[in-house]
Amino acid sequence: MATPAPESSRRLLCAALLAAPLAVLLFQLPIPNSLKPSSADTAAMDTAASEIEFDMPAVLRMYKDGRVERFDGTQTVPPSPSGDPANGVVSKDVVLDSAAGISARLYLPPGVEPRKKLPVVLFFHGGAFLVHTAASPLYHKYAASLAAAVPAVVVSADYRLAPEHPVPAAYDDAFAALRAVVAACGPDGAEPWLAAHGDASRVVLAGDSAGANMAHNAAIRLRKEGIEGYGDKVNGVVLLHPYFWGKDPVGGESTDAGYRGSFHGTWEFVSAGKLGLDHPYVNPLASPEEWRQLGAGRVLVTTAEHCWFVERARAYAEGIKKCGWDGEVEFHETEGEGHVFFLPKPDCDNAVKELAVVTNFIRRC
């Protein structure tokens with residue numbers, strides 16, 4: 001029976017194994033056959049690289065080896081520092097909090113008088129927590145249109161995406177963005193547009209789909225934790241076709257196992273399997289004691305007849321008053337349209353009407 005190698009010898013062997021590939025790169029030295037992966041190992045790696053772990057068709061695919069492919073939300077457009085040709089809104093990309101890694105695209109409406117204060121809309125884009133950025137064409141156009149219509153300073157925040165950064169990373173980034181925005185609105189704020197024009201007493205959290213979910217959860221966290229020097233409430237929350245879900249059907253929601261399973265699987269994927277389907281993050285209906293802590297004076301909920309989450313939006317608008325929350329709620333539903341229809345069809349009559357509803361709500365906040 002062979003005598004086991006001493007610990008020092010084993011460490012040297014491990015070092016050699018790790019250093020061999022580096023030596024090849026630096027010195028073009030051949031890897032000894034004894035250190036090359038076997039054909040079985042190579043086949044296993046090839047299999048892992050091709051096997052699919054999660055697939056959302058036309059949106060995102062993740063392979064068992066951890067590789068992620070995105071098919072949607074990858075296009076970007078630059079900001080418009082000289083003004084958007086359609087509405088004159090100027091925009092720029094900024095870092096709101098370098099320590100937390102929070103960046104955003106800011107939008108300022110045209111013709112604003114020096115030092116004139118405007119409402120501030122902190123907007124979170126949708127995309128199932130998986131795709132899109134503040135620079136996506138759909139969201140760039142929407143944010144600029146919103147800034148012009150209100151008028152308001154719109155801060156379209158970026159956040160970490162799953163699966164590389166599972167939920168709750170997005171929620172942490174959303175709250176960090178809120179802290180940074182209210183701090184920047186002060187007279188000594190680091191961001192010039194917000195310091196000059198941002199009214200910290202008129203802050204609205206907004207978002208569509210997953211972004212609406214984030215706006216809701218940021219308001220919940222605000223009420224719980226508060227922000228030093230600011231308080232524990234924003235003036236309003238705008239939930240555009242919010243992404244909420246749950247284990248059991250609500251209202252007229254489909255009971256089909258396959259249909260529900262696709263949504264179940266998505267939430268499990270974006271949360272890395274650590275948050276259940278009835279966690280307050282995704283199902284406020286299941287936790288009224290949490291829901292009633294929403295840190296806002298007003299809430300607007302919009303949805304559409306054929307939106308995947310229409311029953312959840314209806315239940316949210318009906319249930320938020322019953323849960324003990326003491327604010328005002330407004331609800332708007334568009335007939336004959338689907339989920340976030342106003343993004344790909346911004347000029348259709350129904351999209352114009354929905355933007356008007358959002359604009360009027362923000363003006364009253």
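Hydrogens, waters and symmetry mates are skipped; everything else that's a heavy atom, side chains included, is used.
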Tell me if the CD atom of Glu289 is crowded by more than 12 foreign heavy atoms within 6.0 Å. yes
Aromatic ring proximity Tyr316/Phe331, centre distance under 6.0 Å: no
Salt-bridge present (Arg221, Asp172; N to O < 4.0 Å): yes
Grab the two heavy atoms, one from Gly251 and one from Glu311, that are nearest each other, plus how far apart they are. CA-OE1, 3.8 Å
Judged by modelled atom types alone, do His264 and Trp245 share a side-chain donor-acceptor pair under 3.5 Å? yes
Please name the pair of heavy atoms, one in Leu205 and one in Ala219, separated by the smallest distance, quoted to 0.1 Å. CD1-N, 3.8 Å
Ring centroids only, cut at 6.0 angstrom: are Phe361 and His332 within range, meaning strictly under it? no
One thing to verify: whether Glu333 and Arg314 come together as a salt bridge, which I'm taking to mean a side-chain N less than 4.0 angstrom from a carboxylate O. yes
Taking the six-membered ring for Trp, are Trp308 and Tyr243 ring centroids under 6.0 Å apart? no
Judged by modelled atom types alone, do His140 and Tyr107 share a side-chain donor-acceptor pair under 3.5 Å? yes
Are Gln75 and Ser136 close enough that a side-chain donor and a side-chain acceptor fall under 3.5 Å? no
Centroid-centroid under 6.0 Å between His125 and Tyr159 rings: yes
Before accepting this row, confirm whether a basic side-chain N of the pair Arg260/Glu253 lies closer than 4.0 Å to the acidic partner's carboxylate O. yes
Would you please test Glu191 and Lys92 for salt bridge (Lys or Arg N to Asp or Glu O under 4.0 Å) and show each step? CA-CA 11 Å; Glu191 206 303 301; Lys92 64 179 179 179; 2.7 Å; yes
Check step by step if side-chain hydrogen bond (donor to acceptor under 3.5 Å, both in side chains) holds for Ser254 and Asp256. CA-CA 6 Å; Ser254 174; Asp256 179 76; 5.2 Å; no
Working to the nearest 0.5 angstrom, can you tell me the gap between Thr266 OG1 and Leu130 CG? 7.5 Å
What heavy-atom pair brings Val167 and Tyr171 nearest, and what distance separates the two atoms? CG1-CE1, 3.2 Å
About how many Å separate CG of Leu138 and NE2 of His132, when rounded to the nearest 0.5 Å? 5.5 Å
Cation-pi check, Arg312 onto Phe309 ring (under 6.0 Å, within 45° of axis): no
Any side-chain heavy atom of Cys365 within less than 4.5 Å of one from Arg202? no
Could you tell me whether Glu290 and Arg292 have a side-chain N and a carboxylate O separated by less than 4.0 Å? no
What is the minimum heavy-atom distance between Asp278 and Gly246, and which atoms define it? OD1-CA, 3.5 Å
Look only at the side chain of Trp193 and the backbone of Leu108, and say whether a donor-acceptor pair between them is shorter than 3.5 Å. no
Among Asp199, Val120, Val153, Val203, whose side chain to side chain contact (heavy atoms under 4.5 Å, CB included) with Cys185 holds? Val120
